Amino acid sequence: MSKLRLGVNIDHVATIRNARGGSYPDPVRAAELAIAAGADGITAHLREDRRHISDADIEALAAITRKRGRPLNFEMAVTQEMESIALAHLPHAACLVPERREERTTEGGLDVVGGHSHIAPVVSKLVAAGVRVSCFIDADPAQAAAAKAMGAQVVEFHTGAYCDAVRERSPDAPALLEGLRAAAAEAGRLGLEVHAGHGIDYETVKPIAAIPEVMELNIGHFLIGEAIFVGLAPAIHRMRALMDEARVGKAA
Ligand SMILES: CC(=O)[C@@H](O)[C@H](O)COP(=O)(O)O
Ligand SMILES: NCC(=O)COP(=O)(O)O
C-alpha cells in the first residue's frame with residue numbers, strides 16, 4: 001500500500017490564541033513545527049465567523065508552506081468571499097466544507113448532490129486557477145459521484161460519526177467503518193483521490209488508515225490537544241507511527 005500522507009490542521013492553536021486576543025500562540029509557528037516533525041501538509045479552515053483562523057493567518061500560512069515546499073489545504077465554505085480569498089492565495093488545495101454559524105464544529109459533509117448549482121461554478125473556477133479541489137462529504141457514494149461529475153479531484157470523507165461512535169463505545173461503530181470503507185472503494189473506482197478526517201485520535205486512526213484507497217488524513221483537534229501534554233512533535237510522531245503500522249496491515 002502507498003504511504004499515507006498526514007495533514008496537520010492547526011486551527012485550534014488559533015482557538016487558544018483568540019481566547020485572549022493578541023498573537024500567542026501563533027498557528028504559523030505550529031505549522032513550522034508540524035512540518036519539522038514530519039507533517040506532509042498543513043490544513044487550515046478559515047471559518048466565515050473567523051472564530052479561530054484569521055485572514056492574516058491564511059496569508060502567512062500560504063507563504064510559509066510555499067517556502068517549506070509543503071501543500072496548504074485551505075478549508076472553505078462555498079461562498080463568494082471564500083472563493084475570492086482562495087483565488088488570491090492559490091493554495092495547493094481547497095477543501096469545500098459545509099458551515100453553519102451555530103455549529104460547534106463541522107457536523108456533517110457537504111451536500112454536493114443538492115447544492116450542485118452553487119457548488120459547481122466554484123469548483124470550476126478553482127480548478128481553472130490550478131487549485132486542487134476537494135469536497136468534504138459523508139460516506140455516501142452518491143455524494144462522491146456528484147463531486148466527480150462537477151470536476152473535483154479529491155473527496156475527503158467525514159470520519160466524525162465513526163470516531164464519536166468508537167469513543168462512546170456505540171454498537172454502530174463497525175457499520176460506520178464499513179460505510180467509510182465502501183464509500184472509499186467507490187470513490188477510488190471513480191478515479192477520485194480519497195482523503196479522510198475529523199475527530200481522529202490515536203484510538204481511531206488505525207482502522208481508517210488501513211482503508212487502502214485513503215491517501216491522506218487530516219488531523220487537528222486531537223493533535224493540538226495532545227501537544228499540550230506531550231508537545232506537538234511527539235504527538236505527530238506517534239500519530240505517524242500508528243498510521244504506518246496500519247498501512248503495513250497491523251490495523252486493530
Ligand atoms: C472541516 C473540518 O473537519 C475541520 O476544519 C474541522 O472542522 C476543524 O475546525 P472546527 O473545529 O472549527 O470545525
Ligand atoms: N478536515 C478535517 C480536519 O482538518 C481536522 O479535523 P479535526 O481533527 O480537527 O476534527
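Numbering of ligands and ligand atoms starts at 1, following listing order. All values derive from a computational prediction rather than experimental measurement. Residue numbers run from 1 in the order of the sequence given.
- Using modelled atom types, one finds a donor on one side chain and an acceptor on the other under 3.5 Å when comparing Thr43 with Asn73.
- Among residues two or more places apart in sequence or in another chain, the ring-ring contact (aromatic ring centres under 6.0 Å, His included) test is passed with His158 by Phe136, His198.
- No side-chain heavy atom of Asp140 sits under 4.5 Å from any side-chain heavy atom of Val113.
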At less than 3.5 Å, what protein N or O atoms come close to the N or O atoms of ligand 1? Include the distances to 0.1 Å.
residue, atom, partner, partner atom, Å
ligand 1, 3 (O), His198, ND1, 2.6
ligand 1, 5 (O), His45, ND1, 3.0
ligand 1, 5 (O), Glu75, OE1, 2.3
ligand 1, 7 (O), Thr106, OG1, 2.8
ligand 1, 9 (O), Asp11, OD2, 3.2
ligand 1, 11 (O), His12, NE2, 2.9
ligand 1, 11 (O), Thr105, OG1, 3.2
ligand 1, 12 (O), Arg47, NE, 2.7
ligand 1, 12 (O), Arg47, NH2, 3.4
ligand 1, 12 (O), His52, NE2, 2.7
ligand 1, 13 (O), Arg47, NH2, 2.8
ligand 1, 13 (O), Thr105, OG1, 2.6
ligand 1, 13 (O), Thr106, N, 3.2
ligand 1, 13 (O), Thr106, OG1, 3.3

Subject >> Intermediate values then yes/no, salt bridge (charged side-chain N to carboxylate O under 4.0 Å, His left out), Glu103 and Arg47 >> reply: CA-CA 11 Å; Glu103 70 189 357; Arg47 278 187 172 271; 3.1 Å; yes
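- Formation of a donor-acceptor pair under 3.5 Å by the Arg17 side chain with backbone atoms of Pro27 is not found in this model.
- The ring-ring contact (aromatic ring centres under 6.0 Å, His included) test applied to His89 returns no partner, not counting sequence neighbours.
- Ion pair Arg240/Asp40 flagged as a salt bridge, since at least one NZ, NE, NH1 or NH2 atom sits closer than 4.0 Å to an Asp/Glu carboxylate oxygen.
- In this structure a side-chain-to-backbone donor-acceptor pair under 3.5 Å is missing from Arg70 to Gly7.
- Protein residues having a heavy atom under 4.0 Å from any atom of ligand 2 are Asn9, Thr43, Glu75, Phe136, Glu156, Gly197, His198, Gly199, Asn218, Ile219, Gly220, His221, listed by chain and number.
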**OP:** Give the C-alpha distance, both sets of side-chain angles, the deciding distance and a yes or no for salt bridge (charged side-chain N to carboxylate O under 4.0 Å, His left out) between Asp244 and Arg247.
**Re:** CA-CA 5 Å; Asp244 292 343; Arg247 228 44 190 181; over 6 Å; no
